[in-house]
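All values derive from a computational prediction rather than experimental measurement.
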Amino acid sequence: SFTSDSNTKFLAFSTPYVADLSSNSHTITTSGDPVIKGISPFTHSGYSSSSHGGSMRFDGTNDYLSATTTALGTGDWTVEYWVYHNDFSDNQIHAAWGSYSPAFYYRHTSGRFAFYSGGANSINSVTPVAKRWYHIAWVHDDSANTIKAYVNGKLEHTISSYTTNLSATNLIIGGDV
C-alpha cells in the first residue's frame with residue numbers, strides 16, 4: 001500500500017474503493033460507470049478486496065472521475081500514475097485540470113503520451129503498446145523552469161522554459177476529448 005506524506009496533495013486507488021487517501025481527503029465523484037478492477041502492475045497473487053487496491057477501469061463511454069484539489073501552481077510539483085490502455089482509438093485523458101489545461105494524456109494523432117498546457121503539445125518519444133502497464137511521472141522544476149517526463153523511470157522528454165501558473169483546482173481522471 002502507498003502512504004501519504006505532508007507533500008502529497010492527492011492519492012487514490014491504493015484501496016478497493018474510490019477515495020483520496022492524502023491528508024486532504026478530497027471528495028471524488030464518479031461519472032459514467034467506471035469501476036475498480038482487481039488488477040494493477042503490482043498484483044502477482046490472487047486478488048482480495050480486503051487487502052488490495054486496484055485500478056480504475058474506464059469503458060471509453062463518458063467515464064471519468066472528478067475532484068476539487070489543490071492547484072499545482074508555479075512551484076515544484078510531480079504528477080505520477082500507472083496507466084494501462086486496452087486500445088488507442090482516441091485521445092485518452094490520464095489526468096487534467098481546468099478546461100483540460102494542463103492535461104496529461106495519450107494523444108491519438110501522434111500515437112504518444114503527451115502534455116497539454118496553454119495550447120502547446122509536448123510529446124515524449126515513447127510509442128506505447130496496448131495491454132501494457134506504464135509508470136509515468138511529470139516533474140516540474142520551478143528553479144529550472146522545466147517539466148521532465150519519465151516513462152518507466154527513464155527520462156524521455158524535457159519541456160524547457162515552462163513558467164505557467166497552473167491555478168485550476170478541478171481535477172479530471174479518465175475520459176476522452
Side-chain angles (χ1 to χ4, degrees), residues 2 8-14 30-44 47 52-67 69 72 76-142 144-164 166 168 170-177:
F2 298 92
T8 304
K9 305 302 180 200
F10 188 82
L11 176 64
F13 312 116
S14 62
T30 60
S31 296
D33 57 357
V35 294
I36 292 181
K37 291 290 193 177
I39 62 168
S40 80
F42 309 111
T43 303
H44 301 289
Y47 176 75
H52 289 84
S55 299
M56 185 57 62
R57 167 90 165 75
F58 302 99
D59 66 13
T61 307
N62 301 317
D63 292 345
Y64 64 93
L65 305 175
S66 59
T69 65
L72 295 175
D76 295 339
W77 50 259
T78 300
V79 173
E80 69 177 305
Y81 49 89
W82 285 92
V83 65
Y84 180 99
H85 292 274
N86 284 319
D87 64 59
F88 297 107
S89 57
D90 203 351
N91 288 340
Q92 298 173 17
I93 298 297
H94 301 156
W97 280 262
S99 298
Y100 299 100
S101 185
F104 307 93
Y105 69 112
Y106 168 78
R107 186 172 186 211
H108 179 68
T109 56
S110 67
R112 306 270 197 253
F113 295 128
F115 172 75
Y116 177 88
S117 178
N121 283 291
S122 298
I123 302 165
N124 67 37
S125 59
V126 174
T127 302
V129 176
K131 301 183 186 306
R132 181 180 295 171
W133 284 102
Y134 293 91
H135 180 262
I136 302 175
W138 301 88
V139 181
H140 178 252
D141 181 334
D142 182 43
N145 293 329
T146 60
I147 295 177
K148 293 185 177 184
Y150 295 85
V151 178
N152 296 332
K154 180 181 175 196
L155 177 62
E156 293 289 350
H157 189 73
T158 300
I159 303 166
S160 300
S161 303
Y162 189 83
T163 59
T164 303
L166 302 179
N170 56 318
L171 169 64
I172 299 165
I173 299 171
D176 56 320
V177 291

Quiz item: Short question: side chain of Asn152, backbone of Tyr134 - any donor-acceptor pair under 3.5 Å?
Solution: no

Self-check item: Side chain Asp76, main chain Asp142, donor-acceptor under 3.5 Å
Solution: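 Yes; at least one donor-acceptor contact below 3.5 Å.
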
Quiz item: Does the pair Leu166 and Trp77 meet the rule for a side-chain contact (heavy atoms from CB on, under 4.5 Å), with working shown?
Solution: CA-CA 10 Å; Leu166 302 179; Trp77 50 259; 3.5 Å; yes

Looking only at non-hydrogen atoms, find the nearest pair between [X] and [Y] and report the distance.
X      : Y      : result
Tyr100 : Tyr116 : O-CD2, 3.2 Å
Ala103 : Ile93  : CB-CD1, 4.4 Å
Ala149 : Trp138 : CB-CZ3, 3.5 Å
Ala130 : Asn86  : CB-O, 3.5 Å
Gln92  : Asp87  : NE2-O, 3.1 Å
His108 : Asp90  : CB-C, 3.6 Å

For the [atom1] atom of [X] and the [atom2] atom of [Y], what is their distance to the nearest 0.5 Å?
X      : Y      : atom1 : atom2 : answer
Ile173 : Ser31  : CD1   : OG    : 11.5 Å
His157 : Arg112 : NE2   : CZ    : 11.5 Å
Asp141 : Thr146 : CG    : OG1   : 4.5 Å

Self-check item: CG/Asn62: more than 12 non-hydrogen atoms of other groups inside 6.0 Å
Solution: no

Practice problem: Applying side-chain contact (heavy atoms from CB on, under 4.5 Å), run through Trp97 and Leu171 and close with a yes or a no. | Solution: CA-CA 5 Å; Trp97 280 262; Leu171 169 64; 3.5 Å; yes

Quiz prompt | Phe88 and Tyr106 aromatic ring geometry - parallel, tilted or perpendicular at 30°/60° bounds | solution = tilted

Exercise. Take Tyr84 and Lys131, measure what side-chain contact (heavy atoms from CB on, under 4.5 Å) needs, and give me the verdict at the end.
Key: CA-CA 6 Å; Tyr84 180 99; Lys131 301 183 186 306; 3.3 Å; yes

Exercise. Under the side-chain contact (heavy atoms from CB on, under 4.5 Å) rule, what do Thr164 and His140 come out as? Steps first, then yes or no, please.
Key: CA-CA 11 Å; Thr164 303; His140 178 252; over 6 Å; no

Quiz item: What pairs with Ser110 under side-chain hydrogen bond (donor to acceptor under 3.5 Å, both in side chains), at least two apart in sequence or on another chain?
Solution: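 Scan of Ser110 (side-chain hydrogen bond (donor to acceptor under 3.5 Å, both in side chains), adjacent residues dropped) gives none.
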
Quiz item: Name the one of Ile147, Thr78, Val79 that satisfies side-chain contact (heavy atoms from CB on, under 4.5 Å) with Val139?
Solution: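 For Val139, the side-chain contact (heavy atoms from CB on, under 4.5 Å) test succeeds with only one of Ile147, Thr78, Val79, which is Thr78.
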
Practice problem: Sort out for me which residue in Trp82, Tyr64, Phe113 forms a ring-ring contact (aromatic ring centres under 6.0 Å, His included) with His94. | Solution: Phe113

